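Quick notes on the structure that follows.
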There are 2 protein chains.
Amino acid sequence: MKFSEFRKLRALSSESICAGMLADNRDRIRIKKDDVAVKNLTRIMDGVLELSARKGFSAMSLRDLSRETGLSMGALYSYFAGKDELLDMIQRQGTKVVGELLAEAASRPAPPRDRLREVVYTHLYLSEMLQSWFYFSFMEAKGLGREQLKKAIETELYTESIIEEILSDGARSGDFASIDVPMTSAAVKALLQDWYLKRWKYSGRGVTVEQYARFMIDLVESYILKKRRKVPARPAAPVRRKK
Amino acid sequence: MKFSEFRKLRALSSESICAGMLADNRDRIRIKKDDVAVKNLTRIMDGVLELSARKGFSAMSLRDLSRETGLSMGALYSYFAGKDELLDMIQRQGTKVVGELLAEAASRPAPPRDRLREVVYTHLYLSEMLQSWFYFSFMEAKGLGREQLKKAIETELYTESIIEEILSDGARSGDFASIDVPMTSAAVKALLQDWYLKRWKYSGRGVTVEQYARFMIDLVESYILKKRRKVPARPAAPVRRKK
DNA sequence: GTCTATATAACGATAGAC
DNA sequence: GTCTATCGTTATATAGAC
């Protein structure tokens with residue numbers, strides 16, 4: 001699927017995310033009118049992502065944010081209780097949206113090879129649409145509180161577990177060669193992340209997300225589809241995890 | 001080469017780096033005795049790397065650093081002119097050391113395949129020895145001034161250009177298949193980076209740097225050494241979505 | 001007029017700097 | 001230790017919609 005089609009199918013704008021953010025924090029946000037609240041939450045989130053990308057969340061002052069959004073200091077505090085909570089709110093809502101869409105993509109029944117492609121494409125397209133959020137999420141994870149940090153690590157491992165499951169299925173069914181599933185999953189994850197962490201590089205080279213996706217699939221498939229001399233004597237793939 | 005051998009060959013400790021740091025900033029550092037200066041510079045750098053890993057450089061106060069190093073606020077300012085310069089100093093010295101060792105590894109004449117392995121191993125072993133510096137360098141790059149930031153980007157691209165050169169040589173000589181050199185280099189770089197960015201993950205799984213290196217080489221070589229007979233079962237199998 | 005959303009201004013704490 | 005700037009935060013005042 002082309003990125004342009006994907007983009008139209010998913011209602012994934014800052015606004016749609018902030019609408020969810022409002023719904024989930026309806027009691028804390030002191031603004032009554034939904035349309036006003038969503039509009040300003042969007043300005044706030046976009047401002048945070050922009051300023052954080054430039055100098056980091058903790059180096060961004062709320063006065064910077066006030067200037068960037070055009071809202072006063074007092075107004076800002078009608079939308080969140082404090083700077084820490086602002087970070088949590090943005091992280092939580094993005095994680096939720098991304099997790100749901102990824103889980104949906106992985107759940108579609110298909111042969112392992114197609115499922116892997118589907119997950120790779122979905123992840124790349126999602127991170128293309130929400131690049132600034134993905135970047136923010138990676139760079140500012142350590143600023144989270146203990147609870148939220150645990151959640152963030154779980155999410156990192158969750159993405160990988162989706163890939164692991166597909167690779168395990170493929171190895172078991174014989175679609176894939178006998179590979180080290182956790183290591184291969186980690187590599188896939190690393191390549192997925194590079195797309196949004198190094199966006200400046202790929203933009204500068206004029207690489208599109210479709211080109212990156214195709215390259216990534218080629219690279220990974222050349223490894224997992226290669227013919228191994230070792231014929232799997234055992235039906236179960238001998239992939240072991242170290243403790 | 002085993003990591004333990006590599007480690008012994010290279011004199012790469014915090015102290016050795018800080019000795020270079022002292023030499024390069026001899027005029028700015030107000031401490032006269034070299035041994036005292038190196039000892040405290042080491043405490044300072046290790047403290048910065050530790051605290052920054054925990055909550056980020058800009059969230060680390062110099063009072064945190066004072067407590068961590070056991071030096072007073074006044075003493076700290078004998079070693080650097082300000083917080084910004086402290087960041088620059090650490091970035092610059094690490095970049096210098098790593099760049100030199102990497103260039104040396106890439107310059108050894110050998111067939112492309114061996115040179116690629118050499119660079120991959122060297123980078124992984126270096127980042128294993130200086131993991132906290134590599135992590136710091138990646139996460140805190142945006143805090144640099146414009147000049148230093150340019151340098152940092154150049155360094156990122158320099159590593160990649162080393163890999164590109166090897167891949168180009170190999171493609172030209174026929175050792176490697178006809179591949180997209182910039183994209184493949186970027187992927188190699190991404191996999192190299194994952195080792196120090198996700199160290200917590202690999203440590204938790206008991207993966208050693210040798211195991212990671214072997215896996216990485218396998219993955220990359222399966223792509224660049226593959227026979228390019230165009231026999232795709234499905235020509236360009238698009239990812240189909242069910243509606 | 002009343003309620004909602006925003007703006008102003010000031011507080012205490014803490015930052016970098018010397 | 002000290003100084004000053006600036007941080008996050010909040011109490012309070014004001015403007016605008018119906």
Side-chain angles (χ1 to χ4, degrees), chain A residues 15 18-19 21-23 25-48 50-52 54-91 140 142-145 148, chain B residues 25 27-32 37 40-41 43-45 47-52 54-91 140 142-145 148:
Chain A
E15 267 117 20
C18 289
M21 202 183 285
L22 175 63
N25 300 275
R26 205 59 193 97
D27 49 337
R28 299 190 185 191
I29 294 171
R30 293 201 293 264
I31 307 300
K32 299 280 165 68
K33 292 181 183 174
D34 282 6
D35 55 338
V36 177
V38 169
K39 190 193 75 182
N40 285 333
L41 272 175
T42 305
R43 296 166 74 99
I44 291 170
M45 192 181 74
D46 288 346
V48 169
E50 164 74 21
L51 291 168
S52 296
R54 216 148 59 210
K55 49 185 191 173
F57 182 77
S58 84
M60 172 201 80
S61 75
L62 291 182
R63 283 170 180 83
D64 291 335
L65 185 60
S66 167
R67 201 177 315 115
E68 180 83 12
T69 58
L71 292 167
S72 69
M73 292 293 289
L76 287 180
Y77 273 84
S78 305
Y79 292 89
F80 51 83
K83 203 186 177 189
D84 293 350
E85 205 205 78
L86 174 60
L87 198 160
D88 277 1
M89 209 166 65
I90 295 176
Q91 285 272 26
E140 309 296 348
K142 62 162 133 290
L144 294 167
Q148 283 295 317
Chain B
N25 300 275
D27 49 337
R28 300 189 185 188
I29 294 172
R30 292 201 293 265
I31 306 300
K32 293 176 185 167
N40 284 333
L41 273 175
R43 296 167 74 98
I44 290 170
M45 191 181 75
V48 169
L49 297 184
E50 164 73 21
L51 291 169
S52 296
R54 216 148 58 209
K55 49 184 189 174
F57 182 77
S58 83
M60 172 202 80
S61 75
L62 292 181
R63 282 170 179 82
D64 290 336
L65 186 60
S66 167
R67 199 177 317 115
E68 181 83 12
T69 58
L71 295 166
S72 70
M73 289 289 291
L76 287 180
Y77 273 85
S78 314
Y79 292 91
F80 51 83
K83 203 186 176 189
D84 293 350
E85 205 203 81
L86 174 59
L87 197 160
D88 278 0
M89 208 166 65
I90 295 176
Q91 285 273 26
E140 309 296 348
K142 63 162 133 289
L144 294 167
Q148 283 296 317

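Labels below follow one simple rule: chain letters A, B, ... track the order of the sequence lines, proteins then strands, and each chain is numbered from 1. Values below: all heavy atoms of this structure, side chains included; hydrogens, waters and symmetry mates excluded. Since this is a predicted model, take the numbers as computed values, not measurements.
- If you check residues 77-84 of chain B against DNA chain D, you find no residue with a heavy atom closer than 4.0 Å.
- The distance from atom NZ of Lys55(B) to atom C1' of dT14(C) is 12 Å, rounded to the nearest whole Å.
- Distance, Asp34(A) CG to dA5(C) C1': 14 Å, rounded to whole Å.
- Separating the CG atom of Leu41(A) from the C1' atom of dT6(C) is a distance of 15 Å, rounded to the nearest angstrom.
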Item checked: Canonical and wobble pairing (Watson-Crick, G-U, under 3.5 Å) of DNA chain C, dot-bracket with | -> .|||||||||||||||||
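- Atom CG in Asp64(B) sits about 7 Å away from atom P in dA15(C), given to the nearest Å.
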Notebook entry, point to check: For nucleotides 11-18 of chain D, read 5' to 3', which letter fits each nucleotide if B means a protein heavy atom sits under 4.0 Å from the base, S means only the sugar-phosphate is that close, and - means neither?
Noted result: --------
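- At whole-Å resolution of the value, CE in Met73(B) and C1' in dT2(D) are 11 Å apart.
- Contact between the side-chain N/O atoms of Ser72(A) and the OP1/OP2 oxygens of dA7(C) is found at a separation under 4.0 Å.
- For the pair Asn40(A) CG and dT4(C) C1', the interatomic distance rounds to 13 Å; values are reported in whole Å.
- The environment of Arg54(A) atom CZ is dense: over 12 non-hydrogen atoms of other residues, nucleotides or ligands sit within 6.0 angstrom.
- Leu86(B) has its CG atom 15 Å from the C1' atom of dA15(C), to the nearest Å.
- Rounded to whole Å, atom C1' of dT6(D) lies 15 Å from atom CE of Met60(A).
- Sparse packing is recorded around CZ of Arg28(A), with 12 or fewer heavy atoms of other residues, nucleotides or ligands lying under 6.0 Å away.
- Arg30(A) comes within 4.0 angstrom of sugar-phosphate atoms only, judged by non-hydrogen atoms across all strands, and of no base.
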